[in-house]
Amino acid sequence: MLLALVLALVAPPSGSAEIAGERYREWTKPPAEVAAPAPWVARRELSFQPVEGGLQLRGRWTIKSFGTGWFSGELFADAPALRVVSARWGAAPATLKVDAAGAMTVTGKVAGSVELTVEAFVPGDPTREAVALKLLPAVRGTIEAAAPTGLAPALRVDGESALAVREKQWSGAREVALSFVTPPAPAADRPPVVVAKVGIGVTVGDAELRGRARAVWEVRQGEVSTLALETAGLGADLDIVGANVRGFVREGDRVRVELQAPVRDRVELELRWSQAIGKAAESRVSLPKIAPVDVFHSEVALQLARDGEVEAVPEAPGWSYVASAALPGWAQGLVEGTATTALVQQGGAGAGSLSLLRFVPLEGPPVVVDVAAYTIATSREGRALVRAHYEVRNERAAHLRLTPPAGFKVIGVRVGGQTAAPARAKDGSWIVPLLRSVETVTGLLSFPVEVILLGEASEWRRRETRELRLPTLDAPIAVSRLTLHLPPGYRSRKRAGDGDVVAAFTRGEGITYGLGVGEVGAAQADMVFQDAVQAWMRNDFRAAQDKLDALRGMGAKNENIARLQSNLDVVAGKAAVSQDMSLQRRVREQAKARAYADVQAQAELKKKAEDERARGDYAASASSYQQAIAVGDKLAQLEQTEVVDQKMTNAALVEEYRQVQTKSTESRRKRPKKKIGGKVKSSGSSVYDFDDDALSGSMMTPTGSAGLPNPVAGNVPDAGEVAKPVEVPVDAGNVDKEFESDGVSVADSGVADAPALGGEVVEKRPPATTPRPPADQQTTRDFTAIVDVVPSSDAPMPNKTAPPEEPRVLQGAAAVEVVAVQRRLGGRLAARRAGRTPGAKFKAERSRSEARDRKDSSDATGMPSPEVHASALSVVVPAVGEAVRYQRLLLPAGAAYAVEISAKEPLIAKE
């Protein structure tokens, strides 16, 4: 209680605050005294009057100060011949001092304000040469000069013309030069000097050209009341508008514009017109010409754009191609749609033309089947396995309708090498979704559509005559090819020439790969080609070219390869002159439209490089610039020949890269030298730094170890891309024992790209290639399993007596053994067809669609196992019985096609 009372008594009263003593003394101390500025010359008034032998100068200087102070300044400098008549400091004579060089100094006391008045004689003749003086300057001032009759004063201060307002020159500068010259003629009597600028914009539509131009006249001398233009290529609906335009008249190619009042500064006109274009695939029109007449100098810029499907290719000798962003402001905003080309020319517009290319698609069906290749295997029980391979060129169809024959069912469909999900229609047909064919310079690319069918019929008799119907398509078929394998032991009674039976196929070789549709090599080539197409669609031109080169190395050759190669030649600048120019430009435009991600990537890399450069990390900035330049080179391939936007961007990046590289080199030279064998720690690991080490000798590449070939550097996979081989066990309880043979057939699913994976592959032997099976190889006939297996030709056939060989791991680009995955149909597995004993294991490689998100690890055994997905959509039909070939040309859409089978089984086989 007592403590609270004491605190209440010593507490400060209400409305007050406590502060520290130092703070109080700082706030209450007297302000520091600031010295007043020295006196200064606030104003100066000069007047010059010509007299005999020179000029009479009268001057008045107003000098001010805060309080009282002394002023001293140089009144005249470098004027030994100048004579002062009088000088007064206020009401008293001024105190002047003259040194040996002729400089005159004035000194006096200033109390608030004082005026210094001086009268002097300056020798000289201003009519012959300028009379120069150095006087006491002032903050502001005026200069007046009277000239003899017929002459005008020309005054220059500090080397520049003085600002004249009426008869006074405004300046307080130190250096003054006065001369008397002949006065200029009136503005109306001087010839006009005009500089003109013309910006032309041409928008190419599907039916007409729409033109818009902006013409600017800048009058540098004199005045103009009439403007003239020399024109060509402007439509009859030309219209000219402007703020001071009274009207215009067209006199042939010349247009005369009348102004409402004479102009002495600037005139801007806007012109609009249109011109119809032809509907032919190729046409030509003249470039618009707008040239100002009677001007001292002119600049012309032209920009092209299109808002339709017509391509415009300029042919303009004497013009220079520039980036659209580099156009001046008076030439911007004159086009509609997508700007394509920008041109500039000095001294007037020259003659030129536009080649108009219109893409006119040929009339035809929406989808065409170039080759329908069927491979059919039959058994004496009446079962038939059909592999239908259709080479489809699809221009605008969404799907392909397929109707299987009676007794057959569709068990698998692949479109473009990928699994498809067809829909079932009410009438029993199947609707297969289609891809759009890729356009090339020489035509559409075809893509494969594979359909697997399984059918049941009556058992074969010893002498058999029956009709085998094929699937019906709602698209025309150019060539139908069928290879029918009779049941074992049967012989065909039809010879070449009987109906559609042929000894060998004569049509459709241009679509296949020269390896035979349905064979292992063709299936592998088909997958490699689809990879090339996908690389083209994502603008990875190098990968696409590598895939085509790999196909040629396999011996594959067909029209699709040549067509895709024509597209790659266009991008690489190797296109043939004989090819359609509109198709070449269309291919480039389509590839450019797909390159939006590359444009964004280059912008991000450029920004990253600039940020690293600003931080002083020149090495990282140079690396980012290199990546941006590489992306830019790829984008430059997609530009048309007349477009230079990307080329100019790349040139700017190269210059910035050169500067950063120079900075990086300088910074490395400034770093202290390191000892040989020094190490630099980074992220917890030791990295050897070779930058400043000077070692003699040459670099050596270590060879492979353990007898393995040295892998190529470009084929070494990342740690996340190495797939660990796995073992897939076979369900021995479901092995089909009905058909048993030492031979097997090959599935093309998941085989084509195996040699190029670059990962770890389990092999019994390292074959150099993956060849096709020999023609006399035995195969199985179990149609309950769609995917069969064939080992490599140089690997031993599996048997029941030979002990299994231990697998070993190969790395790099070594060839791999064909691996297949079994699928059970009807509760069976066809594992026994490979001649494997119960409990045997199939080797499997990583699925191509597996996500590549492996963690880096030096221990391959610790990597997660890849997932294995079964596929029953691609099959090579086993070839056991006698093959009978059928061929039919030009099958209309919806037409049914059936082949007649006539065969017999001899009582005693010749074998």
Original post:
Do P487 and E464 come close enough that some side-chain heavy atom pair is under 4.5 Å?
Top reply: no

For residues 894-906, run the donor-acceptor check on the side chains, cut-off 3.5 Å, and write out each pair with its distance to 0.1 Å, sequence neighbours left out.
{"unit_1": "Y897", "atom_1": "OH", "unit_2": "D500", "atom_2": "OD2", "d": "3.0"}
{"unit_1": "S902", "atom_1": "OG", "unit_2": "R493", "atom_2": "NE", "d": "3.1"}
{"unit_1": "S902", "atom_1": "OG", "unit_2": "R493", "atom_2": "NH2", "d": "3.3"}
{"unit_1": "E905", "atom_1": "OE1", "unit_2": "R380", "atom_2": "NH1", "d": "3.4"}
{"unit_1": "E905", "atom_1": "OE2", "unit_2": "R380", "atom_2": "NH1", "d": "3.4"}
{"unit_1": "E905", "atom_1": "OE2", "unit_2": "R380", "atom_2": "NH2", "d": "3.1"}

Original post:
Is a donor on one side and an acceptor on the other found under 3.5 Å between the side chain of R436 and the backbone of E395?
Top reply: yes

Subject >> Step-by-step side-chain contact (heavy atoms from CB on, under 4.5 Å) determination, I376 to L470 >> reply: CA-CA 10 Å; I376 305 176; L470 300 178; 3.9 Å; yes

Subject >> Which atom of I431 lies closest to which atom of P433, heavy atoms considered >> reply: O-CD, 3.6 Å

Original post:
Is the side chain of N560 donor-acceptor paired with the backbone N or O of L445 at a distance under 3.5 Å, no angle test?
Top reply: no

**OP:** Would you mind reporting whether R466 and T378 have side-chain heavy atoms less than 4.5 Å apart?
**Re:** no

**OP:** Could you go through the side-chain contact (heavy atoms from CB on, under 4.5 Å) check for L486 and L484 one step at a time?
**Re:** CA-CA 6 Å; L486 299 175; L484 174 67; 4.1 Å; yes

Subject >> ring-ring contact (aromatic ring centres under 6.0 Å, His included) against Y390, all qualifying residues, sequence neighbours excluded >> reply: Y374

Original post:
Under 3.5 Å, is there a donor-acceptor pair between the side chain of R552 and the main chain of A556?
Top reply: no

Original post:
Residues two or more places apart in sequence or in another chain: which of them pass ring-ring contact (aromatic ring centres under 6.0 Å, His included) with W430?
Top reply: none

**OP:** Start with the C-alpha gap between Y886 and T483, add the side-chain angles, then the distance that decides, and say whether side-chain contact (heavy atoms from CB on, under 4.5 Å) holds.
**Re:** CA-CA 7 Å; Y886 299 81; T483 302; over 6 Å; no

**OP:** Please report the shortest heavy-atom distance between E391 and S446, naming the atom on each side.
**Re:** OE1-OG, 2.9 Å

Subject >> Minimum-distance pair of heavy atoms, taken over all atoms of A496 and V502 >> reply: CB-C, 4.1 Å

**OP:** Mark yes or no for whether N567, through its side chain, and E439, through its backbone, hold a donor-acceptor pair below 3.5 Å.
**Re:** yes

Subject >> Short side-chain to backbone donor-acceptor contact, R414 and P448, under 3.5 Å >> reply: no

Original post:
Is any side-chain heavy atom of I452 less than 4.5 Å from a side-chain heavy atom of L385?
Top reply: yes

Subject >> salt bridge (charged side-chain N to carboxylate O under 4.0 Å, His left out) involving D498 - partner list, sequence neighbours excluded >> reply: none

Subject >> Neighbour count above 12 (heavy atom, 6.0 Å) for R585 CZ >> reply: yes

Original post:
So, do V451 and P471 sit near enough that their side-chain heavy atoms are less than 4.5 Å apart?
Top reply: no

**OP:** List in chain and number order the residues that pass side-chain contact (heavy atoms from CB on, under 4.5 Å) with L889, two or more places apart in sequence or in another chain; answer none if no residue qualifies.
**Re:** V479, R507, Q887

**OP:** Please list, chain by chain and in numerical order, all residues satisfying salt bridge (charged side-chain N to carboxylate O under 4.0 Å, His left out) with E459, sequence neighbours excluded.
**Re:** none

Original post:
If only atom types and distance count, is the side chain of N394 paired as donor or acceptor with the main-chain N or O of L435 below 3.5 Å?
Top reply: yes

Original post:
For the side chain of R563 and the backbone of L444, is there at least one donor-acceptor N/O pair under 3.5 Å apart?
Top reply: yes

Subject >> Atom of A425, atom of R401 and distance for their closest heavy-atom approach >> reply: CB-NH1, 3.5 Å

Subject >> Close side-chain approach of W536 and V571, heavy atoms under 4.5 Å >> reply: yes

Original post:
Which atom names give the shortest non-hydrogen contact between L454 and R383, and what distance separates them?
Top reply: CD1-CG, 4.3 Å

Subject >> CG-CG distance between L564 and L551, expressed to the nearest 0.5 angstrom >> reply: 9.5 Å

Original post:
Does CZ belonging to R424 count more than 12 external heavy atoms closer than 6.0 Å?
Top reply: yes

**OP:** Quick one: pull up CG in L568 and NZ in K574 and give me the separation to the nearest 0.5 Å.
**Re:** 9.5 Å

Original post:
If you round to the nearest 0.5 Å, how far is CG of D546 from CZ of F541?
Top reply: 13.5 Å

Subject >> Side-chain H-bond candidate by donor/acceptor type, R393 with S437, under 3.5 Å >> reply: no

Original post:
Got a second to check how far D474's CG is from T403's OG1, nearest 0.5 Å?
Top reply: 8.0 Å

Original post:
What heavy-atom pair brings V528 and K547 nearest, and what distance separates the two atoms?
Top reply: CG1-O, 3.7 Å

Original post:
Between R885 (side chain) and R481 (backbone), is there a donor-acceptor pair under 3.5 Å?
Top reply: no

